[in-house]
Amino acid sequence: MDRTLSNFIRSLRMADVRVSTAETLDAVEAVELVGYKDRKFLKESLALVLPKTADEKEAFNACFEDFFKFEDVSGEQKSGRDNDHPDDPQDEQTGEGGEGGSEGDERGGGEGGERGERGGGEGNERGGR
Amino acid sequence: MADIESIAQSVDSLKKHFESHRYICSTQIATAVYLAYHLKKPILIEGPPGVGKTELAKTTSEMLSLPMIRLQCYEGLDESKAIYEWKYGKQLLYTQVLKEALDEVLDGAKGFTESVKRLHEFGDIFFSEEFLEPRPLLKALREEDGCVLLIDEIDKSDHEFESLLLEILSDYQISVPEIGTVKAAKEPPMVFLTSNNTREISDALKRRCLHLYIPFPDVELEQKIIQARVPEVSASLRHQLVSFIQELRGLDLKKVPAISETIDWARTLLLLHADALDPELVRSTLNVILKFQEDIENVESELHSITAKIRK
């Protein structure tokens, strides 16, 4: 299993999402199928496999946004699809986002603003592939 | 026969095919079906009533041209109604008919032990395939080319029943003591479970499924759904009625209207030849979308402000 995923699952467990070994295996299969290229696709897929209650889904969203900060996690060329989708639920981070910049540019700033702002978070492991 | 492989090749393709079957879905829903198909996992669908949980299973079976087998759950549902049953009547009838034959078999047998021994030679014919009545779960496993198995409203069944499902959900097989383990045909069924959240589903069951939560749709999606389901409604009316419903969902009601109610309402307004919402029209049709007198009264008192708001 690749390290990115095992690290991500560890961070989920720390956020009180109960992930069993069987579910970890499901996540591995899902990632094999979906890949790391399309961030939104990856998020929606893992959201079906790992969190199983409303609370867990919320924690998952926060964790995912935090963990996979960069769109192209694999380090390969960005895929053709538009990943910077406006309806990405990101409300969970507004709390942490406050320290980065003014709240106004949280959304409007789009990709650039988002990155700059989140860069202030704890140094997360990313893309070990 | 639909080409399942090509329909399920990507999330976009699934979404398109759902749309052509008039089921407008979010990417999340299409992704769930995509994963369910490729990972061969059941989907547990939760969400408020009337958002299209059951419809998703139905449309999938239609879209993939697979037969649909449905198991409606209720309190007291047990093995004999869900998995299999022995045809007791037939067993009884056969023993009656075979009575005479039995005399022949036992003819000349000396003593009890020998009679029993001769009977044993006939084995367990009364507990064989011939006398087995397969119920939905067993039937689904035996479908040669796969099928869609819908286990509807699992939260209505007893807690114990969930445990019965574990074997079929994780291994696509069922153990029947008298005839052994029945494994799925080469193509396992696509399993959809729905729940209205009236009680918590056990962890063991959740662990074996993909978990999909279908919320109420946003304005945009709901408009698309109305457009697909009731295309005769004009764009402006569609916009108004969807906004009205969305406003209602924000109120504190006993039961907020779901998509099925929006569709019913659109059809009602169509019948009345309405082309715009006005307070009088809404008041007279409110019973289509609200199912509690209390709710109706609450909304009536705020009718003017809501209609004014959505007509802006």
Side-chain angles (χ1 to χ4, degrees), chain A residues 1 5 9 12-13 16-65 79-92 107, chain B residues 8-15 25-48 56 154-155 162 166 169-171 192-193 195-197 199-222 224:
Chain A
M1 177 163 108
L5 189 60
I9 286 173
L12 277 180
R13 285 186 177 139
D16 280 339
V17 179
R18 288 182 23 197
V19 182
S20 68
T21 317
E23 284 163 324
T24 307
L25 293 175
D26 292 343
V28 172
E29 275 187 62
V31 167
E32 268 169 19
L33 179 69
V34 168
Y36 283 104
K37 275 190 185 169
D38 187 333
R39 185 175 182 275
K40 189 166 177 261
F41 190 21
L42 177 69
K43 180 175 175 182
E44 288 192 329
S45 304
L46 289 179
L48 291 158
V49 178
L50 297 169
K52 304 276 160 97
T53 64
D55 287 348
E56 286 185 359
K57 295 235 185 225
E58 211 168 285
F60 170 88
N61 280 341
C63 263
F64 188 94
E65 293 300 332
S79 67
R81 280 178 60 169
D82 184 14
N83 295 321
D84 196 22
H85 215 271
D87 63 18
D88 236 358
Q90 294 170 341
D91 310 58
E92 285 77 24
R107 247 131 220 280
Chain B
Q9 62 175 338
S10 74
V11 174
D12 286 337
S13 146
L14 275 169
K15 214 170 155 182
C25 62
S26 62
T27 318
Q28 179 78 81
I29 296 176
T31 309
V33 177
Y34 177 79
L35 286 188
Y37 175 77
H38 287 278
L39 303 183
K40 309 243 175 284
K41 293 225 118 211
I43 314 182
L44 170 65
I45 315 168
E46 292 191 294
L56 175 62
I154 175 80
D155 52 332
E162 281 178 28
L166 297 181
L169 292 183
S170 53
D171 301 319
F192 291 81
L193 299 106
S195 158
N196 285 329
N197 264 332
R199 70 174 170 82
E200 198 58 46
I201 304 298
S202 74
D203 276 357
L205 194 136
K206 280 185 170 178
R207 260 209 318 273
R208 287 166 171 80
C209 303
L210 303 173
H211 185 269
L212 172 67
Y213 182 82
I214 307 187
F216 286 124
D218 56 18
V219 186
E220 214 178 302
L221 191 62
E222 191 158 25
K224 270 171 88 179

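In what follows, chains are A, B, ... by sequence order, proteins preceding strands, each numbered from 1.
- Nearest heavy-atom pair, B:T27 versus A:E44, reported as atom, atom and distance to 0.1 Å: CG2-OE1, 3.4 Å.
- If you measure heavy-atom distances from A:V19 to chain B, you find no contacts under 4.5 Å at all.
- Closest non-hydrogen pair, A:L48 versus B:A32, comes out as CD1-CA, 3.4 Å.
- Contact of A:E23 with chain B is made through the side chain alone, with heavy-atom distances under 4.5 Å.
- Taking NZ from A:K52 and CG from B:D203, the interatomic distance works out to 9.5 Å, rounded to the nearest 0.5 Å.
- The two residues A:S45 and B:L35 have their closest heavy-atom pair at O-CD1, 3.6 Å.
- Closest approach of B:R207 to A:D26, counting heavy atoms only: O-OD2, 4.2 Å.
- Residue B:H211 comes nearest to A:K57 through the heavy atom pair O-NZ, 2.8 Å, listed as atom of the first residue, atom of the second, then distance.
- Heavy atoms of other residues, nucleotides or ligands lying less than 6.0 angstrom from NZ of B:K40 number more than 12.
- Neither the backbone nor the side chain of B:N197 comes within contact range of chain A; no heavy atom of the residue lies under 4.5 Å from a heavy atom of that chain.
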